[in-house]
There are 2 protein chains.
Amino acid sequence: METVGRIAGVSQVTVSRALNDPKKVSAKTLQRIQDAIELTGYVPNMVAGALASRRSKLIAALVPSITNVIYADLMQNFINVIRGSGYHVLMAETGFSQDEEQAVVSTMLSRRPDGILLTGIHHSAGCKRMLLGAGIPVIEVWDTTENPLDVCIGFSHIKAGEEMARYAAGKGYQQALIVSAGDERALRRKDSFASQFKQMTGNPPIEVLYEAGATIERGRNGLSTGLEKGFRNGIIMCSSDLLAHGILIEAQARGLRVPQDMAVLGFGNQDFSPFTLPALTTVEVNRANLGRRAAEALVARIENEPLPTKSIDVGFEIIERAST
Amino acid sequence: METVGRIAGVSQVTVSRALNDPKKVSAKTLQRIQDAIELTGYVPNMVAGALASRRSKLIAALVPSITNVIYADLMQNFINVIRGSGYHVLMAETGFSQDEEQAVVSTMLSRRPDGILLTGIHHSAGCKRMLLGAGIPVIEVWDTTENPLDVCIGFSHIKAGEEMARYAAGKGYQQALIVSAGDERALRRKDSFASQFKQMTGNPPIEVLYEAGATIERGRNGLSTGLEKGFRNGIIMCSSDLLAHGILIEAQARGLRVPQDMAVLGFGNQDFSPFTLPALTTVEVNRANLGRRAAEALVARIENEPLPTKSIDVGFEIIERAST
DNA sequence: TTGTAGGCGTTATCAT
DNA sequence: ATGATAACGCCTACAA
């Protein structure tokens, strides 16, 4: 900046102003400064800027897994919106573990991010304490609660599970098989589905659970295991479209007809879901919208703009297709 | 640090040393310092550290799209390895455009990253100039070349295309349909496949190209379009397993048998590929390995450790399954 | 093993 | 509209 200023015939401070608040600088000096920047190939140093201004223009974003489309979609939109506001994103994985999350939060805070995005509403006590101590806006995504750390945006997994059960029972299915991944939110949907389905039909669902994430392989295996456990007719409730797709494939491999022999209900409305055979009935959550609104809300909090509510419910919607 | 030092009865510098190079501090003062840190809840400020040391411990990583499993897998492993070495990752998307890439590089450089990961080996002149000017290690992934900006790691797309053609012709297929996404590397594979296939069989492949990325939907559509263009028997070469999966589904929907009526050859060996009906023949590139080695190579370059070669070829392998 | 001094490249505050 | 000066919180000499 010093050098740029010298070439433009102004002081270093004026260069700083030209960059951060151009209208405070006269038109002609602004031009000279821009020429000097061009000439020197000057690149601003945001590290120094962050130290001096105490605003890093950095956002930390923690998601369980970036290979999971659910979170990748979210991050894609989050990052792109946030970049439009001049922020950069530090991304890290937490792998569905609260301890891991706490460790990651701890190292991230040393970057002095202006805000932080967390997945879910359950965090370790140590994690909450550190966040509170940092005094920065926090947005929790993919869930809702009355008492967010700061702001949360998502939908009610309990309601989603119930709604799926009402749909299933309403379509007349009397038996259910649940095939679910082991993450905490999927399990909450499973539990509310199970209790609602049992209440409406009198029959508790058979359950096949996986510790790890959803894959087509586990979906295929899930149907096999479900059949071994005695499931025959009815509806299969999956914690994700990927599992559901695997189930469709396994059903086909076994010569079982969907939905005549068994119906399949996915979750997530992934981009392939309208194009499976048969097309998949699923629950849609607008992930792009979620990512965008999360970014907007977080920036609003950081820049002290008013936010109408601390808890944003983006809802969900059952999309009926041929698999049920 | 000042405060922590005061409580521990040492100066600020000693606290800094205790954190960065504990063995330079005596055991008992180290203990007092750790106690003081515990007591005060001190969180180091890496922004200040970066400014003073001129090492940000930040790596910028630019990929075309994080929702594409190909890049998500790569980044997952890259980030996790790099985190083990004390670095954080600034991630951004470039969307397959050189202009976009240049814009992103420009803003990223103001963070003074210690190193940068780029996808591919084709970059705008301005981008290259900025990178050279920054004087930081650069790793280019997913491709190889004799003249990387700094270090590259990947495989030869031309060889991959040729190998696929040799495999296809070797299996006796006389006609080929290519269904490909529009990214630059996929197109290079397509071209070398086409010329090699034509050379071996005398028949130029029919081509169906998409500007946008690979999806199951485009795969289904790709087969339909290919049939309209007159493709009947032979092999379908896809630029990704996702397209191939779509083709398998469309074939099934039309009552076409794979591989009897037509064979399908994917690319990428995604986790679902062994579990499609029929299981997919594809080309495997070890993406986890690629991400890890990219991280290791970049850290080695940053920390001035010797690197045996500037151009690392991780190769690829055709995995034969039931679809061919 | 520990401490002192100076500087990293900005922004904020106050003058002019 | 522009400039001088003092932080920002740490690290790198160098000295003790």
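Residue numbers start from 1 in every chain, and the chains themselves are labelled A, B, ... in the order their sequence lines are given, proteins ahead of strands. Just so it is clear, the model here is predicted, and its values are computed rather than measured.
- Within 4.0 Å of A:R112, counting heavy atoms only, lies no atom of the nucleic acid at all.
- At distances below 3.5 Å, not a single donor-acceptor pair connects side-chain atoms of B:T14 with backbone N or O atoms of B:V10.
- Within the nucleic acid shown, B:V13 comes within 4.0 Å of at least one base atom, counting heavy atoms only.
- The side chain of B:S11 approaches C:dT4 more closely than any other nucleotide in the set C:dT4, D:dC10, C:dG9.
- For A:L51, whose side chain is taken as the heavy atoms from C-beta onward, the closest listed nucleotide among D:dA13, D:dA1, D:dG9 is D:dG9.
- Within 4.0 Å of B:V47, counting heavy atoms only, lies no atom of the nucleic acid at all.
- Sequence order on DNA chain D of the closest nucleotides to A:A48 and A:L30 puts A:L30 first from the 5' end.
- Map A:N20 and B:T29 each onto its nearest nucleotide of DNA chain C; the residue landing nearer the 5' end is B:T29.
- Among the heavy atoms of the strands, none lies under 4.0 Å from A:E2.
- Taking every side-chain heavy atom of B:R55 into account, D:dT12 is the closest of C:dA12, D:dT12, D:dG3.
- Side-chain contact, A:Q102 with A:S124: a donor N or O sits under 3.5 Å from an acceptor N or O.
- Contact of A:R17 with D:dG3 (side chain to base): a donor-acceptor pair of N or O atoms is detected under 3.5 Å.
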